[in-house]
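Report on the following structure.
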Amino acid sequence: MKEIFDVQKIKYEGAQSKNPLAFKFYDPERVILGKKMKEHLPFAMAWWHNLGAAGTDMFGRDTACKSFGAEKGTMAHAKAKVDAGFEFMTKLGVEYFCFHDVDLVPEADDINETNARLDEISDYILSKMNETGIKCLWGTANMFSNPRFMNGAGSTNSAEVFCFAAAQIKKALDLTVKFGGKGYVFWGGREGYETLLNTDVKFELDNIARLMRMAVDYGRSIGFTGDFYIEPKPKEPMKHQYDFDAATAIGFLRQYGLDKDFKMNIEANHATLAGHTFEHELRISAINGMLGSIDANQGDMLLGWDTDEFPFDVYSTTLCMYEVLKAGGLSGGFNFDAKNRRPSNTAEDMFHAFILGMDSFALGLIKAAKIIEDGRIDEFVKEKYASFDSELGKKITSGKTDLCELSDIACKLGCAQMPSSGKQEYLEGVLNTIMFG
Ligand code: XUL
Ligand code: CO
């Protein structure tokens, strides 16, 4: 078959290389903390951005050409995207992809026709997966673009629209199982509201949970053994989104008894939109046993929306990989839910974007392993709480005391000694020495 991209397979050449089409830090076979880089970093291509997004924004149309030699909106184009996607992933050594139902085929007016198209394209994708060894990280249903979802999917006010949400989830789960996907994502893009004047929040949350419960029951019945994920995001497109952040989503899952089947898919740019750091969202997920997968991108602190940039901030990838390593790795992977900037509009730019993202995470992994090997930060945190190793501290942590006894102790002391310093500036210096020393 004639190649679509005039680019050779991307190789690791090291940091000294000036070749724009080579990895400088991502060396898949290099062993870090006993595991190969490619095993630490199961990267995935997001079908929607990489094969779909062509630079359109609110003020202007496409700047890039993603027709891949076929007419857009046709099944020939859907097939050309498969060819392009698998060639692209093979050339980069990206071993996974993620998809929405309607990324794969043009959506028809009648859902029966869309489903028939999905059957056809998924056979073709499966043949490519078998040929190349590329795997599916996760699937999802797009329940936010079609106008019928204007008031939400699980949270809609229309019982009929709720059925369409169910139908799309059922089909997307069928496809995920067909591809052997590791996960299934719920990103609640329209699950939220603009004003309480027209919204019954309790009713909407109950219905979202009902839909998720049905998805779990159906998924398990067809042999899906992977994780369901919630991908938290506080806003955009809605003003208030129910899955605001990891803590909110985890509380919701526990409230409705869904916590055994679900984990978090944490997206860096969603974390910052929620007023958190990426690593905060990872830590909250990890301490709740719910760190599942990552949408690897970054936002822009000067802009208030989801810019979905390829990760470039190595402090952020380092602190992310520190969380991932300490959590013992991910059951999911690192999906580049990211797009080229609008003026980066050539096919070569698509490769530069992935090289940047993969190199940034490789650097993050190398530096995070150094933080762990160095040990000063872990040691500091442990020491910070040393007072709880004392007899008094142990009384508190083992639950063998009560408010009255502790109050007596305080009153006997009269005044407390100051706690030990947090030493933030010292620790930031340690981080810099580890990163650049
Ligand atoms: C939107 C977003 C989605 C989800 C999947 O902000 O991140 O692409 O990852 O629906
Ligand atoms: Co995402």
Side-chain angles (χ1 to χ4, degrees), residues 43-54 56-58 96-104 107 136-146 149 152-155 165 168-169 171-173 175-176 181-192 208 211-212 215 226-246 248-249 262-274 276 278 281-282 285 291-300 303-311 316 320 330 332-340 353 357 361:
F43 290 124
M45 178 193 78
W47 208 273
W48 54 103
H49 280 316
N50 202 50
L51 305 173
T56 286
D57 68 13
M58 252 131 56
Y96 291 89
F97 66 90
C98 298
F99 70 97
H100 300 78
D101 45 1
V102 300
D103 303 331
L104 304 182
E107 196 175 6
C136 172
L137 185 64
W138 53 255
T140 188
N142 176 328
M143 304 192 297
F144 44 90
S145 294
N146 193 301
F149 296 121
S155 59
Q168 277 191 242
I169 294 170
K171 191 70 186 171
L173 271 165
L175 296 175
T176 303
K182 284 187 176 201
Y184 183 86
V185 163
F186 282 88
W187 170 62
R190 302 271 175 205
E191 314 290 32
I208 293 169
L211 190 60
M212 287 183 176
D227 290 317
F228 289 86
Y229 300 127
I230 284 187
E231 183 179 320
K233 185 178 182 184
K235 57 187 170 190
E236 197 209 12
M238 303 302 277
K239 184 160 78 174
H240 300 274
Q241 272 165 217
Y242 291 128
D243 303 327
F244 187 93
D245 60 4
T248 312
F262 274 81
K263 290 195 167 92
M264 294 296 116
N265 180 41
I266 297 298
E267 177 163 326
N269 201 169
H270 296 180
T272 50
L273 284 179
H276 298 309
F278 184 19
E281 288 294 84
L282 297 169
S285 306
L291 177 55
S293 205
I294 284 177
D295 269 13
N297 64 13
Q298 73 176 49
D300 186 321
L303 303 175
W305 59 91
D306 197 11
T307 57
D308 284 342
E309 295 171 35
F310 277 86
S316 170
C320 163
L330 295 177
F334 297 81
N335 168 45
F336 287 117
D337 192 354
K339 59 189 178 212
N340 281 98
F361 267 90

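Read the numbers this way: they start at 1 and go in the same order the structure lists the ligands and their atoms. Because the structure is predicted, anything quoted here is derived from the model rather than measured.
Smallest separation of non-hydrogen atoms from Leu104 and Phe99: CD1-CD1, 3.6 Å. In terms of heavy atoms, Met143 sits closest to Ala153 at CB-CB, 3.7 Å. Nearest heavy atoms, Gly188 versus Asp243: N-OD2, 4.0 Å. Pairing each heavy atom of Leu330 with each of Gly333, the nearest pair is CD1-O, 3.6 Å.
In the model, Trp48 has a side-chain atom that pairs as donor or acceptor with a side-chain atom of Asp337 under 3.5 Å.
Under the ring-ring contact (aromatic ring centres under 6.0 Å, His included) criterion, Phe334 pairs with Phe361, sequence neighbours left out. For Asp308, the side-chain hydrogen bond (donor to acceptor under 3.5 Å, both in side chains) partners are His49, Asn297, not counting sequence neighbours.
With values rounded to the nearest 0.5 angstrom, Gln241 atom CD is found 9.0 Å from Glu191 atom CD.
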When you pair each N or O of ligand 1 with protein N or O atoms, which pairs come out under 3.5 Å?
| residue | atom | partner | partner atom | Å |
| --- | --- | --- | --- | --- |
| ligand 1 | 6 (O) | Lys233 | NZ | 3.0 |
| ligand 1 | 6 (O) | His270 | NE2 | 2.9 |
| ligand 1 | 6 (O) | Asp306 | OD2 | 2.9 |
| ligand 1 | 7 (O) | Glu231 | OE2 | 2.7 |
| ligand 1 | 7 (O) | Glu267 | OE1 | 2.8 |
| ligand 1 | 7 (O) | His270 | NE2 | 3.3 |
| ligand 1 | 7 (O) | Asp337 | OD2 | 2.8 |
| ligand 1 | 8 (O) | Trp48 | NE1 | 3.3 |
| ligand 1 | 8 (O) | Asp337 | OD2 | 3.2 |
| ligand 1 | 9 (O) | Glu231 | OE1 | 2.7 |
| ligand 1 | 9 (O) | Glu231 | OE2 | 2.9 |
| ligand 1 | 9 (O) | Asp295 | OD2 | 3.0 |
| ligand 1 | 9 (O) | Asp337 | OD2 | 2.9 |
| ligand 1 | 10 (O) | His100 | NE2 | 2.7 |

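Any protein N/O/S atom under 2.8 Å from the Co ion (ligand 2) was counted, giving 4 altogether.
A salt bridge links Asp306 to Lys233: one of the charged nitrogens lies within less than 4.0 Å of a carboxylate oxygen.
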